[in-house]
Structures are given as structure tokens and as C-alpha cells.
S.K.: 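Dropping the structure in here first, questions after.
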Amino acid sequence: MEVEAYIGQDDRASHARFGETARNRVMFGPPGRAYVYLVYGMYDCLNVVTEPEGWPAALLIRAVEPVEGIDAMRLDRIARARTRHRARCLDRHATEAERVRRLPAARLASGPGLVGAAFGLDTRWTGIDLCDPLSPLRLERASDGDAATTVLATPRIGIDGAGEPWTSVPWRLSLAGNPSVSGPFRAR
DNA sequence: GCAAGGATATCG
DNA sequence: GATATCCTTGCA
């Protein structure tokens with residue numbers, strides 16, 4: 001598990017830094033809702049709105065460790081790769097499919113773009129209530145010992161334009177030694 | 001190191 | 001309306 005916090009309009013790394021817009025509107029609403037946005041034209045990233053209404057904040061889910069639906073995640077990744085490569089190179093898809101088949105389960109959602117892909121999300125999921133037990137996408141209380149794991153706090157990723165102190169505040173939280181964490185501090 | 005890819009915020 | 005940028009990924 002790996003998350004990053006984006007808190008308030010002052011946070012120069014947050015989508016809320018320009019104030020309320022059509023895209024980030026849900027960040028200004030009540031907490032517990034999903035904010036899904038598209039980055040780099042191809043990756044849908046999942047955020048959880050966190051602070052009370054009027055205070056724009058969200059937690060970017062950068063990585064999760066799949067425990068269910070692993071085969072479905074693989075098949076979906078392969079299917080997506082097929083549509084992506086169809087117009088280009090045909091045997092490109094064969095190598096991509098093989099790579100996904102060999103990928104360890106822990107690496108199927110080890111990055112913000114991969115989390116969105118693993119859950120099959122797109123921007124239309126924005127606004128869904130993640131605290132509703134009946135919601136198809138929801139937060140649930142952990143039943144295992146995750147709470148006892150060491151949590152690492154490090155600077156956030158991919159926000160080099162934000163300036164200080166935003167580029168160095170340790171608002172990226174990850175579980176120490178967890179194989180699904182992206183980038184540095186991944187288990188070896 | 002860099003290309004892929006599309007929405008978005010900002011500027012003319 | 002054009003364009004630089006973007007909370008990324010996987011391969012050269």
C-alpha cells in the first residue's frame with residue numbers, strides 16, 4: 001500500500017492549486033468520494049477525497065497489493081494492450097501479453113496508473129462514494145496485520161514543479177517492505 | 001534516455 | 001483556438 005496526500009489550495013502540487021475547476025470539483029466536496037483523473041493521456045489515477053466540504057484535499061492511491069481478481073487484472077491488461085497496439089505493431093502485443101502473464105501479482109497495481117488499470121477505472125468513477133458498503137468500489141477495514149507494519153514517510157513523486165516546501169514534505173506514505181510499493185523503498 | 005497519449009489550464 | 005504541461009509507464 002502506498003499513498004500520497006494533497007492538502008488544501010496552498011499545496012502547489014495539488015490539482016486544487018488553481019481553485020475549483022470542472023476537473024477537480026469533487027475535491028471541494030464531502031470526504032470519502034473518489035476523484036479519478038487522467039494523467040499523461042493514458043493513466044487513470046484514483047484519489048480519495050479526505051477533508052470536509054470546502055477544504056480541497058485528496059489521497060492519491062499510488063499502489064495496492066492485489067488479493068482478489070488477479071487473473072481478471074491480467075486479462076484486462078492484455079486486452080487493453082491489444083487495443084493500444086492494434087493500429088501499430090501486431091507482434092508488439094504478443095510480447096506485452098507475455099510480459100503481463102509473467103508479472104508477479106504484487107506488481108499488477110504497483111503505481112498510480114496501474115492502480116486505476118487494475119480496478120478498471122476511468123474518470124467517470126469520479127464522485128462515487130467509497131464509504132458506501134454497497135458501492136462497487138469501496139474502502140474496507142483491513143482484516144490482517146497491516147496496522148502493525150512500519151509506515152515510511154517520504155517526499156511525493158512527480159511534482160518537481162511545485163517548489164519548496166511542497167517538493168520535500170514527507171506526504172508519501174508506504175508500507176515498509178511491501179512488494180507492491182512503487183519506485184524507491186520497494187521490497188527487494 | 002525517451003515516446004506514447006489526451007485532457008486541462010492558461011494564454012493569446 | 002493553440003500550446004505547454006501533466007500526481008506515468010515500460011522499453012531503447
Side-chain angles (χ1 to χ4, degrees), chain A residues 1-28 33-51 56-64 66 73-74 76-104 106-127 153-174 179-186:
Chain A
M1 183 58 151
E2 174 190 353
V3 298
E4 276 177 5
Y6 292 85
I7 312 175
Q9 216 164 309
D10 294 339
D11 184 348
R12 304 305 290 172
S14 172
H15 284 176
R17 67 187 179 281
F18 300 124
E20 188 173 330
T21 67
R23 176 174 65 157
N24 67 21
R25 182 148 300 143
V26 72
M27 289 182 75
F28 290 75
R33 309 262 244 257
Y35 170 42
V36 181
Y37 66 86
L38 185 68
V39 272
Y40 299 109
M42 55 195 118
Y43 296 107
D44 292 286
C45 299
L46 171 64
N47 297 254
V48 182
V49 176
T50 51
E51 303 295 342
L59 205 57
L60 169 64
I61 311 296
R62 287 191 55 90
V64 295
M73 289 177 191
R74 276 191 222 282
D76 185 62
R77 275 278 281 282
I78 292 167
R80 282 172 186 242
R82 185 184 303 125
T83 54
R84 199 169 67 240
H85 291 141
R86 178 170 296 152
R88 304 175 176 283
C89 186
L90 287 175
D91 53 33
R92 199 55 199 280
H93 175 251
T95 44
E96 169 72 1
E98 191 51 34
R99 192 185 66 79
V100 172
R101 273 190 281 269
R102 293 173 187 280
L103 215 52
R107 312 256 58 194
L108 283 169
S110 60
L114 298 177
V115 169
F119 286 119
L121 304 179
D122 59 48
T123 57
R124 291 173 301 186
W125 286 79
T126 289
T154 58
R156 296 174 292 179
I157 306 288
I159 52 154
D160 289 342
E164 294 298 342
W166 312 111
T167 48
S168 20
V169 286
W171 290 353
R172 173 183 179 230
L173 306 179
S174 60
S180 293
V181 172
S182 72
F185 308 107
R186 177 185 301 160

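Hydrogens, waters and symmetry mates play no part in the numbers below; they use all other heavy atoms, side chains included. Keep in mind it's a predicted model, so treat the numbers as computed, not measured. Below, chain A is the first sequence line, B the second, and so on; all start at residue 1.
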S.K.: Distance check: side-chain N/O of A:R62 vs OP1/OP2 of C:dT8, anything under 4.0 Å?
M.R.: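 Answer is yes, contact under 4.0 Å.
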S.K.: Salt bridge or not for A:R156 and A:E4, using N-O below 4.0 Å?
M.R.: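 Not counted as a salt bridge, because no side-chain N and carboxylate O are separated by less than 4.0 Å.
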S.K.: Any stems for DNA chain C, made of 3 or more Watson-Crick or G-U pairs in a row, each with both distances under 3.5 Å?
M.R.: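 For DNA chain C the paired stretches long enough to count as stems (3 pairs minimum) are B:1-4 with C:8-11, B:6-11 with C:1-6.
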S.K.: Among C:dC11, C:dT9, C:dC7, find the nucleotide with the atom closest to the side chain of A:Y43.
M.R.: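 For the A:Y43 side chain, the nearest candidate turns out to be C:dT9.
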S.K.: Which one, C:dC7, C:dT9, B:dA4, comes nearest to the side chain of A:M42?
M.R.: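 Looking only at side-chain atoms, A:M42 lies closest to B:dA4.
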S.K.: Look at all strands and tell whether A:R12 reaches a base, only sugar-phosphate, or nothing, counting heavy atoms closer than 4.0 Å.
M.R.: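 No contact.
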S.K.: Classify the nucleic acid contact of A:L60 as base, sugar-phosphate or nothing, counting any heavy atom under 4.0 Å across all strands shown.
M.R.: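 Answer is base: heavy atoms of A:L60 come under 4.0 Å of a base.
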S.K.: Taking for each residue the nucleotide of DNA chain C bearing the nearest heavy atom, is the 5' side occupied by A:R77 or by A:S14?
M.R.: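 Looking at DNA chain C, the more 5' nearest nucleotide goes with A:S14.
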S.K.: Using the side chain to side chain contact (heavy atoms under 4.5 Å, CB included) rule, take A:D10 and A:W166 through it: C-alpha gap first, then chi angles, then the decisive distance, then the call.
M.R.: CA-CA 9 Å; A:D10 294 339; A:W166 312 111; 4.3 Å; yes
S.K.: Stacking between A:Y40 and C:dT8, defined as ring centres under 5.5 angstrom apart with planes under 30°, is that present or not?
M.R.: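 Taking the rule of under 5.5 Å and under 30°, the ring of A:Y40 does stack on C:dT8.
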S.K.: Do any side-chain nitrogens or oxygens of A:R99 fall under 4.0 Å of OP1 or OP2 in C:dG10?
M.R.: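 Affirmative; the distance criterion is met.
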S.K.: Which letter, B, S or -, goes with each nucleotide of nucleotides 7-12 of chain B from 5' to 3', with contact meaning a protein heavy atom under 4.0 Å?
M.R.: -SSS--
